[in-house]
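Here the structure comes first, spelled out in structure tokens, and everything after it is commentary.
Keep in mind the model is a prediction, meaning the values are calculated, not measured.
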Amino acid sequence: MNQIPDHPPTAFDWLPWAWCNLARNPFGELTRDELAQLAVVDLTDITPTISIRKSAIQLLGEMGRGKTTRLLKLAIEFPSASYTYLGENEPCTAIPEGNPLLIDEAQRLPKRVLMGLLQTGLPMVLATHRDLSRTISKFGYCVNTYRLGETNDAQLVLESMNARLEASRLSRGEIPQLSIHDASLLVARYGSNMRAIQW
């Protein structure tokens with residue numbers, strides 16, 4: 001015997017997440033633009049020095065602490081910037097010209113490429129797992145290092161995950177929301193790793 005649905009059929013019933021009023025999995029992969037638009041990050045410490053010649057900002061942290069998210073947000077706020085992601089075990093692509101240079105996974109830069117970039121004097125923001133400040137400062141750069149992860153608390157998790165849920169809304173009406181209790185449990189389990197929490 002066929003079960004009768006408890007609501008009239010709609011054009012969206014075939015969507016896997018329609019049952020909770022979402023158009024998609026809110027914690028799936030986002031495009032770079034979406035990730036930047038939904039970023040819950042504070043860039044007030046970074047932006048004042050970002051366009052100064054021979055200024056380098058180093059975003060230092062393990063995977064999932066918000067390095068890429070910050071770079072993508074900066075790419076939107078600074079239209080003259082160029083964003084480059086360096087893939088693992090891939091040849092280093094040409095770094096596009098920009099002001100500032102935004103380089104993701106900068107620890108993968110070949111030494112000769114890094115030295116060539118530093119000779120330009122262009123301001124740069126480097127997301128890296130390894131501290132590059134000694135090399136950078138040898139070229140006369142003023143280096144500001146921000147260690148990421150310490151501020152990834154339950155409140156940040158709450159705001160970030162609920163922003164994703166809202167961005168995945170299908171139509172008017174209620175959608176699931178993370179509570180501060182849920183967020184605290186996630187932080188207790190996964191620490192400051194926002195990517196692990198998202199997954």
Side-chain angles (χ1 to χ4, degrees), residues 29-87 92-109 113-164 166-167 183 187 191-195 197-198:
E29 287 298 319
L30 300 176
T31 66
R32 286 180 179 172
D33 284 346
E34 289 172 326
L35 190 58
Q37 293 293 342
L38 294 174
V40 180
V41 293
D42 182 5
L43 301 174
T44 51
D45 288 347
I46 297 174
T47 51
T49 60
I50 201 167
S51 298
I52 298 172
R53 185 172 167 75
K54 290 211 167 186
S55 168
I57 295 166
Q58 187 175 231
L59 304 176
L60 191 61
E62 297 174 38
M63 182 188 81
R65 270 53 185 195
K67 299 184 300 298
T68 297
T69 302
R70 282 170 173 78
L71 287 185
L72 294 175
K73 188 75 170 180
L74 288 168
I76 286 179
E77 294 196 11
F78 291 85
S80 61
S82 68
Y83 171 84
T84 304
Y85 172 80
L86 301 172
C92 180
T93 58
I95 308 297
E97 204 171 304
N99 188 348
L101 300 172
L102 308 175
I103 303 175
D104 204 349
E105 302 290 352
Q107 76 280 354
R108 296 176 184 159
L109 276 170
V113 175
L114 177 58
M115 292 173 76
L117 293 173
L118 292 169
Q119 286 170 352
T120 68
L122 285 168
M124 54 185 70
V125 184
L126 307 174
T128 178
H129 295 263
R130 193 175 73 244
D131 190 342
L132 303 171
S133 57
R134 182 178 294 181
T135 302
I136 298 168
S137 59
K138 285 179 181 174
F139 285 77
Y141 272 75
C142 177
V143 184
N144 289 305
T145 298
Y146 297 88
R147 297 182 184 276
L148 304 185
E150 293 173 6
T151 59
N152 293 0
D153 58 9
Q155 186 61 39
L156 179 67
V157 170
L158 178 77
E159 293 175 24
S160 298
M161 299 306 136
N162 283 340
R164 280 174 166 261
E166 185 58 44
V187 171
S192 61
N193 190 338
M194 296 294 285
R195 193 172 302 173
I197 288 170
Q198 168 199 318

Evaluation steps, side-chain contact (heavy atoms from CB on, under 4.5 Å), between Leu118 and Met124: CA-CA 9 Å; Leu118 292 169; Met124 54 185 70; 4.0 Å; yes
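- Summarising the geometry of Ser192 relative to Asn152, their closest heavy-atom pair is O-ND2, 2.9 Å, with the distance given to 0.1 Å.
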From CA spacing to verdict: side-chain contact (heavy atoms from CB on, under 4.5 Å), Leu109, Leu132: CA-CA 10 Å; Leu109 276 170; Leu132 303 171; 5.7 Å; no
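- Annotation: side chain of Ile76 is not in contact with side chain of Tyr83 (no heavy-atom distance under 4.5 Å).
- With hydrogens and angles ignored, the 3.5 Å screen pairs a side-chain donor or acceptor of Arg65 with a backbone N or O of Met63.
- One finds the OH atom of Tyr85 at 7.0 Å from the OG1 atom of Thr68 (value rounded to the nearest 0.5 Å).
- Between the side chain of Ser80 and the main chain of Asn99, a donor-acceptor pair closer than 3.5 Å is present.
- Nearest approach of Asp104 to Ala127, heavy atoms of both residues: OD1-CB, 3.6 Å.
- When the side chain to side chain donor-acceptor pair (under 3.5 Å) test is applied to Asp42, the partners found at least two apart in sequence or on another chain are Thr44.
- The structure places CG of Leu86 at 6.0 Å from OG1 of Thr93, a figure rounded to the nearest 0.5 Å.
- Listed by first and then second residue, the salt bridge (charged side-chain N to carboxylate O under 4.0 Å, His left out) pairs that reach into residues 69-80 come to none, sequence neighbours excluded.
- Residues Val187 and Asp153 fail the side-chain proximity criterion, which asks for heavy atoms closer than 4.5 Å.
- The distance from atom CE of Met115 to atom OG1 of Thr120, rounded to the nearest 0.5 Å, is 13.0 Å.
- Closest approach of Phe139 to Gln119, counting heavy atoms only: CE2-CG, 3.8 Å.
- Between Lys67 atom NZ and Leu126 atom CG the span is 12.5 Å, to the nearest 0.5 Å.
- Qualifying side chain to side chain donor-acceptor pair (under 3.5 Å) partners for Glu105, counting only residues two or more places apart in sequence or in other chains: Gln107, His129.
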Chi angles and distances behind the side-chain contact (heavy atoms from CB on, under 4.5 Å) call for Leu30, Arg164: CA-CA 10 Å; Leu30 300 176; Arg164 280 174 166 261; 3.4 Å; yes
CA sep, side-chain torsions, deciding dist, call: Ile46, Leu59, side-chain contact (heavy atoms from CB on, under 4.5 Å): CA-CA 10 Å; Ile46 297 174; Leu59 304 176; 3.9 Å; yes
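- Glu166 is linked by a side chain to side chain donor-acceptor pair (under 3.5 Å) to Arg169, counting only residues two or more places apart in sequence or in another chain.
- Residue pairs meeting the side-chain hydrogen bond (donor to acceptor under 3.5 Å, both in side chains) criterion with at least one member in residues 135-149, sequence neighbours excluded, are Gln58-Thr145.
- Annotation: Glu62, atom CD; neighbour count of heavy atoms from other residues, nucleotides and ligands within 6.0 Å does not exceed 12.
- In this structure, Thr84 has no side chain to side chain donor-acceptor pair (under 3.5 Å) partners at least two apart in sequence or on a different chain.
- Side-chain contact between Val40 and Leu156: present, with at least one pair of heavy atoms (C-beta onward) separated by less than 4.5 Å.
- When all heavy atoms are compared, the tightest approach of Pro48 to Ile52 is O-CD1, 4.1 Å.
- How far CG of Asp45 is from OG1 of Thr47: 8.0 Å, rounded to the nearest 0.5 Å.
- With rounding to the nearest 0.5 Å, the separation of OG in Ser51 from CG in Leu122 is 10.5 Å.
- Here the side chain of Ser82 pairs a donor or acceptor atom with the backbone of Pro96 at under 3.5 angstrom.
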